[in-house]
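Some notes on the structure that comes next.
Just so we're on the same page: letters track the sequence lines, and every chain starts at 1. In this text the structure is predicted, and so the values were computed from the model without any measurement.
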Amino acid sequence: MTALLATPWPDVDDLLVPALGETVRMVGIVMTVVVLLGGPLGLLIFNTSPLGLTPNRVVHVSISWIANLGRSLPFLVLMAAIIPVTKLVFGTTIGYQAALLPMSVAGVAFFARLTENAVREVPRELLDVGLATGATRWQIMRGIQLREALPGLAAGVTLNVIAMIEYSAIAGAIGSGGVGYLAVNYGYRRFDDHIMIACIVVLIAMVQAIQFSGDRVVRALTH
Amino acid sequence: MIEISGLTKAYGDTLVLDGIDLSVADAQIAAVVGPSGAGKSTLARCINLLERPTSGSITVRGQDLAALSGRDLRLARRQIGTVFQSANLLRRLTAAQNIALPLRHQGVPDPEVRRRVGDLLERVGMLHRANHYPSQLSGGQRQRIGIARGLALQPSVLLSDEATSGLDPDATRAILDLLTGLRDDLGVTILVITHEMDVVRGIADQVAQLDHGRIVEQGSVADVVRRSDSALSRALLPMPPAPDAEGLRTWTLRYRSDQVAPTWLSRVGRDLGEVAVLAALVERSGDAPVGRLTVGLDPRLEERRVVEVLADHGVAAEPATALRAVADERQDERRARQAEPAA
């Protein structure tokens, strides 16, 4: 029976390639937003903490709270919860654009924490070196904190990209497009085993490749 | 020069530094010693202006740096170079890039940065390691890069905060030679915070002992060592353990003057007969020799005569047994005092 329902192998490409393109586009756009917003946010969370360069309890607690908000809800719930906002911003609640907002919200919050952790790993004494040589706070953040945290940040980006691929697949459940959408609609709902297998293979290959290159980058950045 | 006066630092109700007065002249090396918990690291962090003193002043070239804040404070920090305990090099920068960091932060143009980094690498003898990362350097090499970085902004004062802790003796020696070279060639005023007495004897011109946030003793190293009764003196030049001399009376000797002739021992022998050297520590501190010895002398010699003969050569003498007797006496007194209320 499955053989009758399954897309013939030669035709799998026709569905898979565009879906893969959508996934890459979704993750690419979201990761740009994530790094540009989540990175500075994480840096701010750390530096307003008592260990940071400009401790400020009120600011620290507030942004920390906001960052937690984006990570409190399971992604599926978050996605459903912000559908009205998505509709307002993109004018649609389906297609890959619809997934961009919830993915960005969850991703930024995640990356803020990853950045905070990476920057926390930079020994306090190195910040003292900057201060003792009369560097400005901005110079210390850029020239010492971020530079020394770079391997940790690269590992964070790797982790985040993989999480976003996973989220893009979850977003497939509400019709966002991409490999996840294909797996849910063809593989699951139509019992199309060929598509299912193809999606699984593509997802596994993608995650493995990303983790492998991420590790290589981290190693290259570590001295 | 650097002049610290009335420096106090309190954290809440805890007074960590309690009125520190310390002044170091140009091209001098001063050492601050003390047990852990005495306030050494807090003092270091106040001097390099990473901590703001609760009160008091830190004057470098006539400017009170402790009173500054904001941008002025940030710029003032450049007048005091710091060499940190574990060098604190950025792991992702090469030796040369680490030295260049303060220059780049100050906006020094590239060709000038390259020239100065080259000079500094040469001064610390690390030109051949310019492009190595810290993980590829030994502890002593890292520390030399740390010193070069501390000097990058041409500070008038260099603060060395436990810079030789954890280094092996050879590496320590190399760092100390480097520091004395900076004093002698460049006229840098150096403040060394350390718990290693060898370091103090090796390079310091003056020494201050910190205890419970106060300076309890200070002076030129040679003067302090020639004092008989001070704890710092005994810590700086400890008496090596001596065996008993069979049939002889044991004396402890100490160089009291800075004019002790190297041949004093043979001359004393002419007056007092055979001198058995049981233990001795003689070395140069600054320009003058310092020393402590335990010797055995003929027990029939009159005590006064021994003291007089040695005093002629600039050496103070005390019968070791007498010392022990005094100590016993004091202990007896204490016991008596303790016993009184009970009785």
Side-chain angles (χ1 to χ4, degrees), chain A residues 35 39 42-43 46-57 114-115 117-158 214-223, chain B residues 41 44-45 47-52 65 68 70-95 97-108 131-137 145-146 149-155 157-159 161-162:
Chain A
V35 171
L43 199 57
F46 175 78
N47 278 313
T48 51
S49 79
L51 298 171
L53 290 167
T54 49
N56 185 321
R57 216 185 119 69
L114 291 173
T115 302
N117 282 341
V119 169
R120 203 207 320 260
E121 294 299 310
V122 177
R124 167 76 221 187
E125 291 77 19
L126 293 186
L127 307 189
D128 286 345
V129 167
L131 290 170
T133 51
T136 62
R137 292 197 179 100
W138 173 240
Q139 285 174 331
I140 295 172
M141 282 186 213
R142 218 181 35 165
I144 296 179
Q145 275 185 328
L146 288 182
R147 178 179 277 148
E148 283 292 292
L150 212 53
L153 290 172
V157 169
T158 310
D215 289 346
R216 289 287 290 268
V217 171
V218 171
R219 221 174 312 140
L221 290 171
T222 310
H223 291 295
Chain B
S41 23
R45 290 181 65 81
I47 292 171
N48 64 18
L49 311 174
L50 288 177
E51 293 273 356
R52 179 180 294 275
L65 306 181
L68 302 174
R71 188 183 141 79
D72 293 335
L73 172 66
R74 189 164 61 72
L75 296 178
R77 284 175 178 148
R78 293 180 174 165
Q79 294 189 35
I80 297 169
T82 305
V83 184
F84 293 89
Q85 176 162 5
S86 46
N88 290 352
L89 301 182
L90 272 69
R91 295 162 292 191
R92 297 198 53 252
L93 293 183
T94 62
Q97 288 168 334
N98 262 290
I99 299 172
L101 193 69
L103 296 167
R104 298 214 181 278
H105 284 162
Q106 206 187 19
V108 176
N131 297 317
H132 283 56
Y133 286 96
S135 59
Q136 301 167 311
L137 301 174
I145 300 299
R149 184 179 58 190
L151 290 170
L153 299 176
Q154 296 167 324
V157 176
L158 189 68
L159 173 71
D161 185 7
E162 298 280 8

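In this structure, Arg52(B) places its CZ atom where more than 12 heavy-atom neighbours from other residues, nucleotides or ligands lie under 6.0 Å away. Enclosure of atom CZ in Arg120(A) by more than 12 non-hydrogen atoms of other residues, nucleotides or ligands within 6.0 angstrom is indicated.
Contact annotation for Leu49(B): neither backbone nor side-chain heavy atoms come within less than 4.5 Å of a heavy atom of chain A. Contacts between Arg71(B) and chain A at a heavy-atom distance below 4.5 Å are absent for every atom of the residue. Looking at Leu75(B), neither its backbone nor its side chain comes within 4.5 Å of chain A, counting heavy atoms on both sides. Only the backbone of Ile80(B) comes within contact range of chain A, judged by heavy atoms closer than 4.5 Å. With a threshold of 4.5 angstrom between heavy atoms, Leu89(B) approaches chain A through N, CA, C or O but not through any side-chain atom.
Options Asn48(B), Leu73(B), Leu90(B) differ in how many heavy-atom pairs under 4.5 Å they form with chain A, and the most are formed by Leu90(B). The choice from Pro123(A), Ala135(A), Gly130(A), Gly143(A) that makes the most heavy-atom pairs within less than 4.5 Å of chain B is Ala135(A).
If you take OG1 on Thr133(A) and CZ on Arg78(B), they are separated by 7.5 Å, rounding to the nearest 0.5 Å. In this structure, Arg92(B) CZ and Thr222(A) OG1 are separated by 7.5 Å, a value rounded to the nearest 0.5 Å. A distance of 9.0 Å separates CD of Glu51(B) from CG of Asp128(A), quoted to the nearest 0.5 Å.
A donor-acceptor pair under 3.5 Å links the side-chain atoms of Arg74(B) to the main chain of Gly134(A), judged by distance alone. Panel note: side chain Gln139(A), backbone His105(B); a donor-acceptor pair is recorded below 3.5 Å.
Closest approach of Glu121(A) and Arg91(B) over heavy atoms only: O-NH2, 4.3 Å. Nearest heavy atoms, Arg147(A) versus Leu101(B): NH1-CD1, 3.6 Å. Shortest non-hydrogen contact noted between Thr82(B) and Ala132(A) is OG1-CB, 4.2 Å. Heavy-atom minimum distance, Asn88(B) versus Leu126(A): O-CD2, 3.2 Å.
Partners of Arg57(A) under the side chain to side chain donor-acceptor pair (under 3.5 Å) rule, at least two apart in sequence or in another chain, do not exist in this structure.
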